[in-house]
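The figures here come from the full heavy-atom set of this structure, side chains too, leaving out hydrogens, waters and symmetry mates.
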Amino acid sequence: VFLFCCFPFLLCPGLAIERGGHWCWMWRRKMPSLRMIASGLVLLLALVHAWRLSEGWDSCTILLGSKRPSVVFSSFLRGTWAPEEQQWRPAGCVLSPLKPAKFAQCLSQRRLFFIGDSRMRHLFHAAALLLDPAFNASALITSYHSDHAHSTNDAYIHFLWEPENIAQGIERAQLQSGDVVVASTGLWMLKKSAGLDEQRQALSTASTALASLPPGVRAIWVPLGAVHADALRPDRRTITQEAITQYDAVAWEYMHAPTVMAGTLDNMLRAAAPEMQDGIHVSLPVAKAQVTVLLNHLCPEHVTVGTCCASARPLTIASVLALIGLVVSGVYLLFTSTSAKASGLPAPGQAAPRLDPKQLLGRGCLALAVILLYCYLSDRTELFLRESKVFSWPLFAVAMAMIMVVAWATAAPAPTATVLNRGQTDEWKGAMQLVILVYHYLGASRILSIYVFVRVLVASYLFQTGYGHLTHFLINGMDRSRVVQILLRLNLLGIALCWTMGESYQAYYFVHLITFWFGVVCLTALPGQRMNHPTAITLKIAACTVVILGLWLSTEWPQTLFGFPPIAWLFRSEGVTGSVREWCFRVGLDRLAVPFGMAAAVTHHFYGAKIALWLQSDLTRWTAIATAVVTVLLYVHFARSCEDKPTCNEIHVYASLALITAFIILRNATSTLRAHYSPLLAHVGKISLELFLAQYHVWLANDTHALLVMLPGHPYLNALITSFLFYVVSEELSSAIAAICSALSRLQHASHIVFVAWLVSAVGLTRL
């Protein structure tokens with residue numbers, strides 16, 4: 001509520017402009033203060049997390065809970081069990097599931113021993129199923145007080161039954177270098193009502209045995225955690241939660257390095273205690289999650305990049321070159337500029353001094369370098385934490401409602417009252433961008449019906465690409481310098497992020513998707529651009545549509561087209577997301593949106609007055625509105641009834657055009673709706689490019705697959721902090737990119753040189 005209601009009135013320059021010059025002046029006064037607040041907040045949080053790392057609380061320690069909880073860092077151990085997904089969500093990192101092949105590679109040339117009581121046998125059962133889904137557990141049922149073993153693909157796991165004396169199990173294991181021991185005991189002692197002295201003696205013996213393991217053998221001790229007292233058998237009622245807490249406290253005293261405590265498994269037992277049917281043993285999904293935690297700790301070289309225990313990505317040559325190049329260029333340009341430094345902000349009505357292009361370019365480069373460094377530290381180092389996304393229908397519904405409320409609360413008269421005027425299209429972009437941000441933050445892509453509607457938002461953005469640019473070309477003609485400026489504006493930040501973050505050109509696919517379709521618009525408008533009368537431009541759009549439809553008649557033809565070098569070099573990547581196949585899939589999803597937008601531009605430019613006159617008829621207008629409402633209802637039914645993504649995507653290619661048309665009709669249904677817009681959403685639309693790119697690294701993390709966590713244990717406050725920083729970074733990025741593009745446009749031939757450098761860096765150098 002605070003983010004969507006209070007921030008707009010505090011931060012929105014669109015509102016400031018609507019309220020007059022004084023508000024605009026106050027806004028310009030306010031942004032430096034917000035920048036200073038954001039900088040101080042980042043510095044403070046960075047120092048706190050640096051202290052955390054110096055105390056040994058890295059992501060692997062947090063995952064396993066291998067350090068005793070402290071007052072300061074206790075929130076790091078507050079993981080949660082998601083019963084609907086049957087997954088464990090650790091606090092501070094993202095758990096990486098290991099498939100059987102990865103599990104086997106992890107245990108290659110070494111053995112995994114579970115030594116202890118029935119809980120260790122349960123973990124052995126879960127590990128055997130993770131290693132081999134076809135594992136037969138009948139022997140565990142018939143001989144539950146016996147030793148067991150299982151092997152597959154050169155991976156060996158063993159269970160040794162020792163409910164009271166761990167030392168005997170270690171002796172029988174005949175351990176050798178590389179082996180791993182996971183041990184736990186104590187339930188039988190508590191069942192027999194053993195006293196504190198007897199518990200200390202047993203734990204001391206176990207600690208001595210674990211500390212005397214052969215070199216190269218790793219040992220993990222699992223606390224007892226919790227039981228479900230109401231489900232215990234009468235002969236187990238002596239195993240109380242108070243006794244378990246006391247026993248685990250003694251274990252923390254005796255288990256020292258090299259033995260590692262698995263405190264997180266304790267937390268998992270506490271979280272899943274209500275699901276214990278017999279009061280002691282958790283369900284198999286919980287046991288599998290416990291084994292997955294152990295494997296993430298034991299095999300960091302096999303986990304996914306950006307997850308728990310994964311090593312930080314190394315600093316690439318391209319990252320160093322990008323940051324140093326921007327800093328050196330910025331400093332050089334500032335020192336060699338001829339204009340004097342601006343002395344404060346002008347009063348309302350007073351013109352701002354025109355900066356020298358070199359000074360403007362230097363400021364933009366330095367600001368961009370600082371923000372890129374912040375992006376790198378946030379998402380490519382272990383400085384800050386990451387967590388899994390959590391979807392919630394109530395949160396998603398509230399967010400959508402708040403976007404509509406803010407749009408209504410910030411409504412103001414539009415500059416012009418025409419259909420699809422600039423304020424209206426910017427508002428449309430802003431609303432779509434906010435929905436997409438919420439969609440990414442909550443991980444709503446797993447909900448198919450929401451995914452289908454978000455695909456329409458992407459198609460709408462591409463529709464505006466065709467509509468807006470062709471409208472400009474029809475009115476002003478095609479100017480080469482403007483085309484280059486648009487290409488720079490679209491790609492400058494994306495390429496800079498590719499350099500800094502060590503990503504492929506395809507990583508920020510949406511920006512390059514817009515670039516591709518902008519090129520299609522230019523190629524459509526270019527031939528005979530001086531003869532762009534209605535018939536000629538319509539024929540060119542029709543020819544473009546036929547070519548696109550024909551090209552996507554087969555999935556192999558687009559891959560062949562984009563598979564030729566040097567085009568194919570743009571999509572080289574180590575993962576699937578950078579492949580030519582993935583690029584063709586993304587381009588083909590909305591292949592008709594841009595031609596449809598160009599057709600709308602031609603219709604509006606040449607026949608807009610006639611259509612407006614025609615719609616003055618009440619019968620015609622209400623018929624159009626009723627048709628639009630029916631179209632929306634039919635699309636809602638389609639989104640709810642569609643069962644698989646491939647089918648949804650194929651229908652979406654054509655159905656999205658009908659929904660876009662319906663939205664335009666409903667948005668302009670009355671003269672009041674047409675004459676008003678939301679300056680807030682319009683401003684968000686103007687910085688939508690920066691919002692889309694910045695979210696990858698300063699709001700989300702791990703390339704949008706996780707959430708950036710600066711304040712663990714407090715998700716709502718963390719969302720507030722990261723959202724504020726994300727907004728300020730996006731504003732600063734917009735200003736920096738605008739300054740660079742503006743300066744380049746005033747330097748003779750400089751923009752063309754930078755465009756060529758961008759192209760070269762995109763093709764070959766971003767993967768250094």
Side-chain angles (χ1 to χ4, degrees), residues 35 38-50 52-53 58-59 92-94 304-307 310-331 364-387 491-508 511 573-575 577-578 689-710 721-722 725-737 740 758 761-762 765-768:
R35 188 188 307 124
S39 301
L41 189 58
V42 169
L43 181 60
L44 175 62
L45 291 170
L47 290 175
V48 171
H49 282 276
R52 167 183 63 81
L53 291 173
D58 57 9
S59 65
C93 64
V94 180
T304 306
V305 175
T307 58
S311 301
R313 301 186 189 184
L315 190 65
T316 63
I317 299 175
S319 303
V320 176
L321 291 177
L323 294 174
I324 293 179
L326 283 172
V327 172
V328 171
S329 300
V331 172
C365 288
L366 287 177
L368 184 59
V370 171
I371 295 174
L372 290 176
L373 179 61
Y374 173 57
C375 291
Y376 185 88
L377 292 175
S378 296
D379 197 25
R380 291 295 185 267
T381 67
E382 294 295 319
L383 182 61
F384 299 122
L385 300 172
R386 302 159 184 83
E387 283 186 2
N491 291 275
L492 192 58
L493 179 56
I495 294 301
L497 285 171
C498 285
W499 276 85
T500 309
M501 311 305 290
E503 290 288 356
S504 68
Y505 178 80
Q506 167 98 12
Y508 310 97
V511 173
S573 179
E574 298 175 0
T577 56
L689 176 67
E690 290 75 21
L691 287 168
F692 180 82
L693 291 174
Q695 70 167 327
Y696 275 74
H697 309 296
V698 300
W699 199 45
L700 306 176
N702 196 16
D703 299 328
T704 74
H705 294 101
L707 302 179
L708 182 66
V709 177
M710 292 183 166
I721 293 173
T722 56
L725 297 176
F726 169 51
Y727 171 82
V728 174
V729 166
S730 299
E731 287 283 2
E732 291 298 317
L733 277 174
S734 180
S735 299
I737 298 300
I740 293 173
W758 157 75
S761 67
L765 300 181
T766 58
R767 301 301 293 171
L768 285 177

Stepwise, does the side chain to side chain contact (heavy atoms under 4.5 Å, CB included) test hold for T722 with V698? CA-CA 7 Å; T722 56; V698 300; over 6 Å; no

Over all atoms of both residues, closest heavy-atom pair of [X] and [Y]:
X	Y	result
L383	L53	CA-CD1, 4.1 Å
L368	A496	CD2-CB, 4.4 Å
V94	T307	O-CB, 3.1 Å
L366	V327	CD2-O, 3.7 Å
L41	I721	CD2-CG2, 3.7 Å
L708	H697	CD2-O, 4.3 Å

When you measure from the side chain of [X] to the backbone of [Y], do you find a donor-acceptor pair of N or O atoms at a distance under 3.5 Å?
X	Y	answer
H49	M710	yes
E387	G92	yes
S734	S730	no

Say you draw a straight line from [atom1] of [X] to [atom2] of [Y]; how long is it, rounded to the nearest 0.5 Å?
X	Y	atom1	atom2	answer
T500	I495	OG1	CD1	11.0 Å
L689	I737	CG	CD1	8.0 Å
E690	L493	CD	CG	6.5 Å
L693	L492	CG	CG	11.0 Å
S59	L385	OG	CG	8.0 Å
L733	L497	CG	CG	7.5 Å

Given the rule in the side chain to side chain contact (heavy atoms under 4.5 Å, CB included) test, do W699 and T704 qualify, once you have shown the distances and angles that lead to the verdict? CA-CA 8 Å; W699 199 45; T704 74; over 6 Å; no

Salt bridge (Lys or Arg N to Asp or Glu O under 4.0 Å) pairs touching residues 695-704, sequence neighbours excluded, are R313-D703, R380-D703

Check ring pair (Phe, Tyr, Trp, His ring centres under 6.0 Å) between Y696 and all other residues, then give those that pass, not counting sequence neighbours.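 Result, ring pair (Phe, Tyr, Trp, His ring centres under 6.0 Å) vs Y696: Y508, F692.
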
Please work out whether the ring planes of F384 and Y374 are parallel, tilted or perpendicular, with thresholds of 30° and 60°. perpendicular

